[in-house]
Amino acid sequence: MAETISAPRGVNDILPGKTDAWLWLEALLRECAGSFACQEIRFPTFEHTELFLRGVGDTTDVVQKEMYTFDDKKGRSLTLRPEGTASVARAFIQHSLAGQGLPLKVYYIAPNFRYEKPQAGRLRQHHQFGVEVFGPAGAAADAELLSLAGLCMERAGLSDVSLRINSIGCPVCRPAYQKSLAAFFEARQADLCHTCHDRLARNPLRILDCKEPGCAALRQDAPPVLESLCPDCASHWEELRENLTALGIAFTVDPHIVRGLDYYTRTVFEFVGDLGAGPLTLCAGGRYDGLVKNLGGPDTPALGFGMGLERLLLALETQGILPQAPPVCELFIAAMGEEAAKRSLILTNRLRVLGVHADRDLMGRSLKAQMKTADRLGAPYVLVLGETELKENAGVLKNMRGGENIPCSLTAEDIAKSFYKL
RNA sequence: GUGGGUAUAGCUCAGGUGGUUAGAGCACCAGAUUGUGGCUCUGGGGGCCGUCGGUUCGAGUCCGAUUAUCCACCCCA
């Protein structure tokens, strides 16, 4: 026997039976996005590597160690998309979408690829539902975006999800803050954990996010971000909280939220779900006012979020609130004998053409076994086709769930009527 | 990238200190019931014990490597 091949590390098959949950969730998310007048955008799976170097930031972990980068046959460096925002911004610029009038509100459902070590809720290929809004500078847009994200999780049935927000300033106020933060931690370098030493050099903001008790204690006295915001950022921050309150959206201010992608400005947020295994970020995003300009486009404020579909489904599964999938088959036709089998082939096909989810035996099994198959498929009705039925040109739709049986002729139109009514 | 656990049937797992032909439950197939599913009973198929190498008269069991998987960290959705 030839050696078998399995899927690469960290990527999953979504098997029949499991796809129902995906279809349900995707439809729900599209519906939510539609409620907010967002249109779908689709973009390629790979981009020029340069897009992510400039968009996401070449000092970030995602870019430095997690990208699937390769050269094509002409030696161009391409990269499997590690996140969606850069691609959407690229398309926005490339097609001059600003010219069609702002704001532009788009959403996508697409896989992302990151070379990570797989673990709970972490894969090398994962899917995100993302929303990006281009144009509005005011915090009302931030509040609407958060409302949309919240609606998605609420409609999915998730409880125990908390929203945490923060503001990390803008190019006007952040450099000064980063400097003072770096100075603060440099003076106390001896007390920082090993990884925070690295963070001090690369991105001192991240020290605020460290879980080590020592670092957590140390940062108590660190200069707070929110107090170092410039007047514009401060009023945006103020406006955001007012709008959230007006919308009745519960949130907690968490000055330790720092996003790992360089393009964020001002508003950053996370929706954290409390699963059995521990807290997991289900959705995260923020404002990225500088990204479009940085990628060579018109100076356009923008904001967005990404929501991890695998994590969402994981959360729904642990809470046991995934909806039940509809049966794959509405009517199973069980045939006995060659003549009946031929008749069932034709009848089943006509029913399918009429839109009935009909199925029949293809394995040449006994009547009993066919009944069993119908049961396993969850078919609510079975039509047995045997000598008697053929002779009388009539049969009965046997109700598999204990309800009334329905007498019927053997014409597809007559049978189909019963299913249109259901 | 760093550290730890695990790997036996499609699935969940048993197989003290090495010793005949590797087991159970569930699932699958068939029969009991010559034209009727679920419940019950009986039988059946299905395994190079992750892979490669080592120790040994003898390895599912011990050792090493490798791969996969799970968990924690880094980071992230």
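Every chain is numbered from 1 and lettered A, B, ... according to where its sequence line falls, protein lines coming before strand lines.
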Inset, instruction - Compare side-chain N and O positions of A:Arg9 against OP1 and OP2 of B:U69 and report whether any pair is under 4.0 Å apart. - result: yes
Inset, instruction - Give A:Met400 one of three labels, base, sugar-phosphate or nothing, depending on what nucleic acid heavy atoms sit under 4.0 Å from its own. - result: base
Legend entry - A:Phe113 six-ring face occupied by A:Arg81 cation (under 6.0 Å, within 45°): no
Legend entry - OP1 or OP2 of B:C76 under 4.0 Å from side-chain N/O of A:Arg311: no
Inset, instruction - Look at all strands and tell whether A:Glu83 reaches a base, only sugar-phosphate, or nothing, counting heavy atoms closer than 4.0 Å. - result: nothing
Inset, instruction - Identify whether any heavy atom of A:Leu312 sits under 4.0 Å from a base atom; if not, whether one sits that close to sugar-phosphate; answer base, sugar-phosphate or nothing. - result: nothing
Legend entry - Touch class at under 4.0 angstrom, heavy-atom based, for A:Gly10 against every strand present: sugar-phosphate
Inset, instruction - Look at A:Gln370 and B:U36 and indicate whether a side-chain polar atom (N or O) is within less than 4.0 Å of OP1 or OP2. - result: no
Legend entry - Under-4.0 Å side-chain N/O to phosphate OP1/OP2 contact, A:Arg376 with B:C28: yes
Legend entry - Nearest-Å distance for atom pair CG/P, residues A:Asp361 and B:C29: 11 Å
Inset, instruction - Could you tell me whether A:Gln64 contacts a base, only the sugar-phosphate backbone, or nothing, with contacts defined as non-hydrogen atoms closer than 4.0 Å? - result: nothing
Inset, instruction - May I ask you to check whether A:Phe43 and A:Tyr108 place their ring centers less than 6.0 Å from one another? - result: yes
Legend entry - Pairing string, 5' to 3', for RNA chain B - Watson-Crick or wobble contacts under 3.5 Å, brackets [ ] where pairs cross, | to another strand: (((((((..((((.....[...)))).(((((.......))))).....(((((..]....))))))))))))....
Inset, instruction - Check whether any side-chain N or O of A:Lys368 sits under 4.0 Å from OP1 or OP2 of B:G37, and answer yes or no. - result: yes
Inset, instruction - Quick one: label A:Arg114 by what it contacts on the DNA or RNA (base, sugar-phosphate, nothing), any heavy atom closer than 4.0 Å. - result: base
Inset, instruction - Would you mind telling me which of B:C71, B:C29, B:U36 lies closest to the side-chain atoms of A:Arg365? - result: B:C29
Inset, instruction - Please state the P separation for the pair B:C52 and B:A9 - nearest whole angstrom. - result: 16 Å
Legend entry - Atom pair distance, as rounded to whole Å: CE in A:Met67 and C1' in B:C75: 15 Å
Inset, instruction - With heavy atoms under 4.0 Å as the rule, sort A:Arg206 into base, sugar-phosphate or nothing. - result: sugar-phosphate
Inset, instruction - May I ask you to say what A:Glu116 touches in the nucleic acid, namely base, sugar-phosphate or nothing, with a heavy-atom cut-off under 4.0 Å? - result: base
Legend entry - For atom CE of A:Met363 and atom P of B:C29, their distance in whole Å: 8 Å
Legend entry - Nucleotide of B:A77, B:C76, B:G3 approaching A:Lys117 most closely (side-chain heavy atoms): B:G3
Inset, instruction - Answer with base, sugar-phosphate or nothing: what part of the nucleic acid does A:Ala284 contact at a heavy-atom distance below 4.0 Å? - result: sugar-phosphate
